[in-house]
Number of protein chains: 2
Amino acid sequence: MTQLRKALRPSTKALPEYTRGHNRSLVLQTLYRDGRRSRADIARETGLTRVTVSALVAELIAEGLLVELGQREETRPGKPATLLDLDRSAFVIVGLDLSEHSVFTGALLDLDGAISTRVEVELAGSTGDEALAKVVDLAEQLVAAATAPVLGIGVGSPGVVDLGGVVLSAPNLGWNGLPLQALLAERFGVPVVVANDANAAILAEHSFGGAASDAMLVKIGHGVGAGLLLGGTPLFGSRFAAGEIGHVVVGTDGGAVCACGKRGCLETWLSIPNLHARLDRPENADARERDVVLREAGERLGIALAPVVGALDLGEVILSGPTDLLDGALASATVETLRNRTMAEFHGSVTLRMTALGPDIVLRGAAVMVLSSRLGVS
Amino acid sequence: MTQLRKALRPSTKALPEYTRGHNRSLVLQTLYRDGRRSRADIARETGLTRVTVSALVAELIAEGLLVELGQREETRPGKPATLLDLDRSAFVIVGLDLSEHSVFTGALLDLDGAISTRVEVELAGSTGDEALAKVVDLAEQLVAAATAPVLGIGVGSPGVVDLGGVVLSAPNLGWNGLPLQALLAERFGVPVVVANDANAAILAEHSFGGAASDAMLVKIGHGVGAGLLLGGTPLFGSRFAAGEIGHVVVGTDGGAVCACGKRGCLETWLSIPNLHARLDRPENADARERDVVLREAGERLGIALAPVVGALDLGEVILSGPTDLLDGALASATVETLRNRTMAEFHGSVTLRMTALGPDIVLRGAAVMVLSSRLGVS
DNA sequence: CATGTTTGTTAGTAAAGCTTACGAACATAC
DNA sequence: GTATGTTCGTAAGCTTTACTAACAAACATG
């Protein structure tokens, strides 16, 4: 595990060994997507020669990442192929989801993103160092429970997180400039990746949920945030605050006063607490009124998203959050509004759906981040 | 499933010679940004060794791209350095701007993006093949006027343009699936790059106008379009229609009927013809009423941009179009609206300004596209 | 049983950037 | 005036990487 893929940044010199890293990831990616291939298969798919693939495979086997599965059963002319696959039990990934309002969730995941062990810690109102201690405790439990070497720790955190894994601002947790990635890396001695929860989520949806390469995931919970994938790459923004749409004002007809002081922020229409508050009013008791409330929230989301969908030419918008509230009147009002407010010829085919990954989306996204940074696969 | 496989398809293999290309561009970029450097200077700046730089420089001199300027005058110990620079007169670039309503503009530009010869062709209502013939004619004149080899032809076209330079749709010109890049490349035997006009414009603003790496340029003319730069890379979108915001509905209070059939499209508020129509009404004759109209248009732009600025965490928005209309009440209303409708902590520092490049912005953007694709500099 | 096919490996080549070393050309100290 | 140190650009040889060519092993098929 010494040699890892390094990003080939522009305005940085390129060395011959970067080529190797690239092709290494290419081999891993080929097997990751669909295992049980021979060296010759990989060569044909990647365009590399069998010789080069053999060398790379030998290296990866020595590192414990690949295993030979024995000969292919199929009966055809020629020397039988030796099938290879990622050793999907050789490593585990620790994923942490810090985005829930009252609980930190963690899990052990295999290289396919499947969850085995799962641990939770009640937040109980903790903030600052106390909350940090709970994160460390969670990671501690999971690392201890690991039955194989830990490939890395991935963390989906609320708030604004920079590229070095420093949580610049997470109001609910009282974190400001907390170098979470560095702290965990030092504490556990394994690679750590920390990113915004919605960014993690869109990565999971892309890798495991079939999302396109240009898509937006709107995460509706205690607050409202979004993760954007453009050309297959997550967007971070000029101040690492991309996707922070909760406090964008929607529409031109006022709205409720928001905690931030403005009127008509997206969160006042759409956050789960606000939605529940409105649904729990006596006058909204029956199903009909309930539907009106949800449709109105959905419309507002559509109004806010229309300029974004139009400007970015998004083909897909995905919702993550409580299905009982989102997946129905709300979602259909959103997609309807989106279509009415954008150009049909170009954006008419924008699709909107719930996440396919349910509440584990951030945990699995955290795993994707580790896979991507450590192996170059996704 | 097809989409999934496509999304997860690994990128292509890397060969050793790609390294060379990368480092070649690095040397060019270093000299392009700020010329008059020695081989040793370049080595220090890029991190490459003097040996490697010497080899690359020899190659580039042989190709006519670099020239030795003689020895450095400065007096300091050691062997005097031989200064190098891009041979900025060794090549010219042909830039074409097809985005104006009634005229096609073309120019010869040097490697610094400075314009020398300039040619115009009246469109006179031409569409389809007739319009295409005028493009070819324009290019023909410029290629004939070139006093040095043509590095390439860059074209900023209205409408939707794919990555291969096919104009998928340009309603005003009656083009649908016109392979403009291929046609011009075959006709003139030089590399051609065709892209959307607003995309070209944001590239120009980035290279020559000091725009940040995450910025949006809104081009207001006969229609309204935008170019987006995210992390220094232009955004194309899932259907190559990124930036097509003219027909996004703004606000929740109706608006004028648009040519597209909807009510309250951004263009109904902001396109120059519509603005003029409103300003020319008798009741809007005096300066005060004029201001109200412009402020209202600016507000609408702000309303439309707020979700985009928030979602993308843009630091900079740039306007391109007639200064007399845009740079005043309209712009200040836009920035005010933007700030009122996005989160101050994160987006409060969003800046809005007119382009620094005036009406030549698309021509210069076309040159940037050629420089970028041919030399890897920008 | 001969033939053809496929697999994976060995041997040698080309390209790229690196380190080490060196001559040339200069400033400065004595 | 000479010795010393510095800087520049180049030459020679090394390492890494992927490539081509060739081959033995193992299989199916006529």
Side-chain angles (χ1 to χ4, degrees), chain A residues 2-6 8 12-27 30-31 36-62 66-85 376, chain B residues 10-27 30-31 36-62 66-85 376:
Chain A
T2 54
Q3 186 185 3
L4 289 168
R5 181 185 142 85
K6 287 163 198 164
L8 196 139
T12 308
K13 67 174 173 177
L15 296 173
E17 50 258 45
Y18 293 165
T19 305
R20 187 70 160 193
H22 184 137
N23 289 338
R24 215 182 102 100
S25 289
L26 195 55
V27 170
T30 304
L31 283 172
R36 301 189 61 82
R37 280 168 155 62
S38 69
R39 292 167 176 84
D41 291 335
I42 296 170
R44 272 186 296 266
E45 260 186 79
T46 59
L48 295 166
T49 61
R50 290 201 307 268
V51 181
T52 302
V53 170
S54 275
L56 287 166
V57 163
E59 194 180 295
L60 292 166
I61 287 180
L66 299 189
V67 281
E68 293 195 334
L69 298 176
Q71 295 191 348
R72 173 178 276 147
E73 294 299 325
E74 255 177 78
T75 167
R76 49 177 191 180
K79 176 178 169 180
T82 310
L83 294 177
L84 300 161
D85 197 358
Chain B
S11 43
T12 50
K13 65 175 174 177
L15 295 174
E17 48 260 47
Y18 295 168
T19 306
R20 185 71 160 194
H22 182 113
N23 289 336
R24 216 181 102 101
S25 289
L26 194 57
V27 169
T30 305
L31 283 172
R36 300 188 62 80
R37 280 169 156 61
S38 70
R39 293 167 174 84
D41 291 334
I42 297 170
R44 273 186 295 265
E45 259 185 80
T46 59
L48 295 166
T49 63
R50 289 200 306 268
V51 179
T52 302
V53 171
S54 275
L56 286 166
V57 164
E59 195 179 295
L60 292 167
I61 287 179
L66 298 189
V67 281
E68 293 195 335
L69 299 177
Q71 294 191 352
R72 172 178 276 147
E73 293 300 324
E74 254 177 79
T75 167
R76 47 175 193 180
K79 175 179 172 179
T82 310
L83 293 177
L84 300 161
D85 198 358

Which nucleotide sits closest to the side chain of [X]: [options]?
X       : options               : result
A/Ser38 : C/dT7, D/dA26, C/dC18 : C/dT7
A/Ala81 : C/dT7, D/dA21, C/dT19 : C/dT7
B/Leu15 : D/dC27, C/dG8, D/dC19 : D/dC19
A/Pro77 : D/dA25, D/dA28, D/dT6 : D/dA28
A/Arg50 : C/dG8, D/dA21, D/dG5  : C/dG8
A/Thr49 : D/dT20, C/dG8, D/dT17 : D/dT20

Would you kindly give the [atom1]-to-[atom2] distance between [X] and [N], to the nearest whole Å?
X       : N      : atom1 : atom2 : value
A/Glu59 : D/dT16 : CD    : C1'   : 11 Å
B/Arg37 : D/dG9  : CZ    : P     : 13 Å
A/Arg24 : D/dT16 : CZ    : P     : 16 Å
B/Ile42 : D/dC8  : CD1   : P     : 12 Å
A/Glu73 : D/dC27 : CD    : C1'   : 14 Å
B/Tyr18 : C/dA16 : OH    : C1'   : 15 Å
B/Leu48 : D/dG9  : CG    : C1'   : 15 Å
B/Arg72 : D/dC8  : CZ    : C1'   : 10 Å

Before giving the answer on side-chain contact (heavy atoms from CB on, under 4.5 Å), spell out for B/Ile42 and B/Leu48 the whole-Å C-alpha distance, their side-chain angles and the decisive distance to 0.1 Å. CA-CA 8 Å; B/Ile42 297 170; B/Leu48 295 166; 6.0 Å; no

Given DNA chain C, 5'-ward residue of the pair A/Arg44 and A/Pro16, judged by closest heavy atom: A/Arg44

Are the side chains of [X] and [Y] in touch, meaning some heavy atoms are under 4.5 Å apart?
X       : Y       : result
A/Ile61 : A/Val57 : yes
B/Thr30 : B/Thr46 : yes
B/Glu68 : B/Asp85 : no
B/Arg39 : B/Thr82 : yes

Would you say [N] has OP1 or OP2 under 4.0 Å from some side-chain N or O of [X]?
X       : N      : value
B/Asn23 : C/dA16 : no
B/Lys13 : D/dC19 : yes
B/Ser54 : D/dG9  : no
B/Arg20 : C/dG17 : yes
A/Arg76 : C/dT7  : yes
B/Thr19 : C/dA15 : no

When all nucleic acid strands are considered with a 4.0 Å heavy-atom cut-off, which category describes A/Val53: base, sugar-phosphate, or nothing? nothing

Toward the 5' end of DNA chain D, by each residue's nearest nucleotide, A/Gly47 or A/Lys79: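 Here A/Gly47 is the residue nearer the 5' end.
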
Please figure out whether A/Thr52 or A/Gly78 has its closest DNA chain D nucleotide nearer the 5' end.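 Closest to the 5' end, via its nearest nucleotide, is A/Thr52.
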
Answer yes or no: is there an ion pair linking B/Arg50 with B/Asp41, defined by an N-O contact shorter than 4.0 Å? no

For the side chain of A/Arg39 and the base of C/dG8, is some donor closer than 3.5 Å to an acceptor across the two? no

